[in-house]
Amino acid sequence: MDTDFSIGAMTVEDVERDDTLLFLNNSWVEYDLGGAYRTLRFEALYDPESSRRPQVDLIVTDQAAGRTLYEQTYEPGLKERVFVDVTGVVTLRIATVKATGACCPVIGLVDAEIAPS
């Protein structure tokens, strides 16, 4: 899997939102949490302008334990507020996986926050 991840702006309901975690195609980012956090919160958005683009899986994993904490398949235009229990997680991975051969889906995580234990 490549990592076409960035932090930038995404327009949500006609409002530009800065500091959005942007995932394009198959991409991922890892964070070293050191077991010191309790909850990851974000609003996940699949760019509604992507109407002819494929479904995309958004997956949050505990890399050290090899377990999936959250997994959801997104369609273009889907918007969802997500809360993930990250208690005890040392290395957190957030990844997107698109359908084989499909092009260019964009998933944005808006207002991402992580709460300490």
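Distance check, rounded to the nearest 0.5 Å: CD1 of Ile59 to CD of Glu71 gives 4.5 Å. Distance CD/Gln55 to CG/Leu78: 10.5 Å, rounded to 0.5 Å. Between the CZ atom in Phe42 and the CG atom in Leu58 there is a gap of 5.0 Å [rounded to 0.5 Å]. The distance from atom OG1 of Thr96 to atom CG of Leu21, rounded to the nearest 0.5 Å, is 11.5 Å.
For Asp111, the salt bridge (Lys or Arg N to Asp or Glu O under 4.0 Å) partners two or more places apart in sequence, or in a different chain, are Arg17. Every side chain to side chain donor-acceptor pair (under 3.5 Å) that Thr87 has, sequence neighbours left out, goes to Asp85. For Glu16, there are no side chain to side chain donor-acceptor pair (under 3.5 Å) partners, not counting sequence neighbours. In this view, Thr39 satisfies the side chain to side chain donor-acceptor pair (under 3.5 Å) rule with no residue, not counting sequence neighbours. Residues forming a side chain to side chain contact (heavy atoms under 4.5 Å, CB included) with Glu80 (at least two apart in sequence, or on another chain): Tyr70, Gln72, Tyr74, Val82. When the salt bridge (Lys or Arg N to Asp or Glu O under 4.0 Å) test is applied to Glu75, no partner is found at least two apart in sequence or on another chain.
When all heavy atoms are compared, the tightest approach of Val89 to Leu69 is CG2-CD1, 3.9 Å. Closest heavy-atom contact between Val90 and Ala64: CB-CB, 4.5 Å. Taking all atoms of both residues into account, the shortest heavy-atom contact from Gly35 to Ser117 is O-OG, 4.2 Å. When all heavy atoms are compared, the tightest approach of Leu45 to Met10 is O-CE, 3.9 Å. Taking both residues in full, the closest heavy atoms of Asp4 and Ser27 are given as N-CB, 3.2 Å, listed atom of the first, atom of the second, then distance. When all heavy atoms of Arg81 and Glu43 are compared, the closest pair comes out as NH1-N, 3.2 Å.
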**Study point:** Stepwise side-chain contact (heavy atoms from CB on, under 4.5 Å) check, Ile94 with Leu40
**Key:** CA-CA 11 Å; Ile94 304 170; Leu40 169 66; 4.2 Å; yes
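Side-chain contact between Phe23 and Leu109 is present, with heavy atoms from C-beta onward closer than 4.5 Å. Annotation: side chain of Val86 is not in contact with side chain of Tyr31 (no heavy-atom distance under 4.5 Å).
For the side-chain contact (heavy atoms from CB on, under 4.5 Å) with Val56, the lone residue among Ile107, Val97, Val106 that qualifies is Ile107.
Side-chain atoms of Thr91 and Asp32 include no donor-acceptor pair closer than 3.5 Å.
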